[in-house]
Amino acid sequence: MIRSVLTGTGSALPARRVANAELAEQVDTSDEWIVERTGIRFRHIAAPGETTATLGADAARAAIAAAGVEATDIDLIVLATATPDQTFPASATKVQALLGIDDCVAFDVNAVCSGFLYAVQVADSMLRTGVHRRALVIGSETFSRILDWEDRGTCVLFGDGAGAVVLEAQESDADSGRGILVTKLHADGRHNDLLYVDGGPSTTGTVGKLRMKGREVFRHAVVNLASVMDESLALVGMTSADIDWLVPHQANARILDATARKLGLSPDKVVVTVDQHANTSAASVPLALDVAVRDGRIKKGHIVVLEAMGGGFTWGAAVLRF
Ligand code: UT7
C-alpha cells in the first residue's frame with residue numbers, strides 16, 4: 001500500500017533565548033512560579049526580520065537535507081501557523097520562494113496549536129491520492145508578536161520557532177511498513193472564547209493579542225488528548241504498550257505528565273522540550289520530533305505518537321512507524 005513516509009526532520013529557533021528571570025524584570029512573576037506551574041525555563045524570541053516564513057524556511061532546509069533530496073523535488077508545501085507573516089499571501093508561498101522552488105502547491109493551515117497535526121493529515125491525504133509525491137509539512141510560529149507583554153498569565157508561556165518534516169509517498173508493507181498509520185482530528189468551536197486573539201482582519205482590522213483562560217484550557221486538554229490518543233491507537237489495533245515515543249504538543253509539563261499517566265505510559269517515553277522552547281504552538285510537535293530524531297532517541301521502525309490541542313478548540317493525534 002502507499003503510505004506517507006517521514007524521510008527527514010528539521011527545526012529552527014531564533015538566536016535570542018530568554019530565561020524566566022528576564023521576564024520577571026518586566027511582569028510580576030518569578031522563575032519559581034513559571035517552572036513549578038509550567039516546566040518552562042527558556043523560550044526563543046524572534047528578532048526583527050525573523051519571521052514565520054524565514055524560520056519555516058530554515059527548518060525546511062534542514063528537513064530537506066536530512067531527507068537527502070533537493071528543494072526542487074518538493075511538490076507540496078503545507079505550512080501550519082496562526083501567526084502568518086501577512087494576512088495574505090500564505091506564508092507557505094513565501095517559504096516556497098525562499099527555498100527557490102518555482103512551482104509546487106503551497107498553502108497555509110490554521111488550527112493553532114494543533115495546526116501541525118492538521119497539516120500532516122492534509123498532506124498525507126494528498127500524497128496517498130497519488131497526485132503529489134513529496135511534501136514539506138511545516139509548523140512555524142512567532143507568537144511573541146501576538147502576546148500581551150503586560151499579561152503575566154500568558155506572556156511567560158509562549159515562544160517562537162519552527163519545525164518541518166519531509167513526507168514521501170512510498171510503497172509500504174500493510175502490516176510492518178513505515179509511514180503514517182493513522183491521523184485523527186477533532187474540533188469543537190463552542191470553546192472559541194477560552195483561547196483566542198482579540199483582533200483580526202475581518203473584525204477589528206488589527207492583529208490583536210492572545211487571550212486565554214488557562215485553567216479551563218488545561219482541563220479540556222488533558223481529557224481531549226488522552227481520548228484522541230486512545231481513539232487513534234484503537235484505529236490501528238494498538239495500545240499504549242506499543243508506543244516507543246510520544247511526541248506531544250509542548251504547552252505545559254503538567255499536561256504532559258497528566259496525559260502520560262492517563263495513558264499508562266512511562267514518562268521516559270515522552271519527548272519533553274517545553275523547558276527549553278516553551279509553547280511554540282504549531283511548531284512545538286515538529287520541533288520536539290526533530291530534537292528526538294537528531295539525538296538518536298527516535299529510530300527507524302519505532303512507533304511514534306504525535307498529539308496536540310489548541311484554540312478552537314482543535315485537537316488531534318497521529319500514529320506513525322518512523
Ligand atoms: O497550547 C494551547 C493550550 N494551552 C495550554 O494548554 C495552557 C493550559 N493552561 C496552563 O498551562 C495553566 O493553566 C497555566 C500555566 C496557564 C496557569 O496555571 P494554573 O495553575 O492553572 O494557574 P491559574 O491560572 O489558576 O493561576 C493561579 C494563580 C493566580 O493568582 P491567584 O488568583 O490565585 O491569586 C494567577 O494570577 O497564579 C497567578 N499567576 C501568576 N503568578 C505568577 C498567573 N500567571 C502568573 C505568573 N506568575 N506568570
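All heavy atoms count here, side chains included; hydrogens, waters and symmetry mates do not.
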key: Any donor-acceptor N or O pair under 3.5 Å, side chains S227, N224   = no

Residue pair T204 / T206, side-chain donor-acceptor N/O under 3.5 Å = yes

ask   = Considering residues, nucleotides and ligands other than E70, do more than 12 of their heavy atoms fall under 6.0 Å from its CD?
value = no

Short side-chain donor-acceptor distance under 3.5 Å, D85 and T51 = yes

query = Any luck finding a side-chain donor-acceptor pair between R152 and Q26 under 3.5 Å?
reply = no

ask   = For the side-chain hydrogen bond (donor to acceptor under 3.5 Å, both in side chains) test, which of T280, N279, T81 pairs with E141?
value = T81

query = In this structure, are over 12 heavy atoms from other groups packed under 6.0 Å from R294 atom CZ?
reply = yes

task = Would you please classify the geometry between the H220 ring and the H191 ring as parallel, tilted or perpendicular, with 30° and 60° separating the classes?
result = tilted

message = Ignoring hydrogens and geometry beyond distance, is a side-chain donor-acceptor pair present between Q86 and K94 at under 3.5 Å?
response = yes

ask   = Do side-chain atoms of D108 reach the backbone of A90 as a donor and acceptor pair under 3.5 angstrom?
value = no

query = Between R261 and D257, is a salt bridge (Lys or Arg N to Asp or Glu O under 4.0 Å) present by the stated rule, with each step listed?
reply = CA-CA 6 Å; R261 237 188 345 264; D257 293 344; 5.5 Å; no

query = Is it the case that more than 12 heavy atoms not belonging to R41 sit under 6.0 Å from its CZ atom?
reply = no

query = Would you say the side chains of Q250 and S284 form a donor-acceptor pair under 3.5 Å?
reply = no

task = Assess the side chains of N252 and T38: does a donor N or O sit below 3.5 Å from an acceptor N or O?
result = no

query = For Y196, is the NZ or CZ atom of R211 found under 6.0 angstrom from the centre of its six-membered ring and inside 45 degrees of the ring axis?
reply = no

task = Please determine, by modelled atom types, if Q276 and H44 share a side-chain donor-acceptor pair under 3.5 angstrom.
result = no

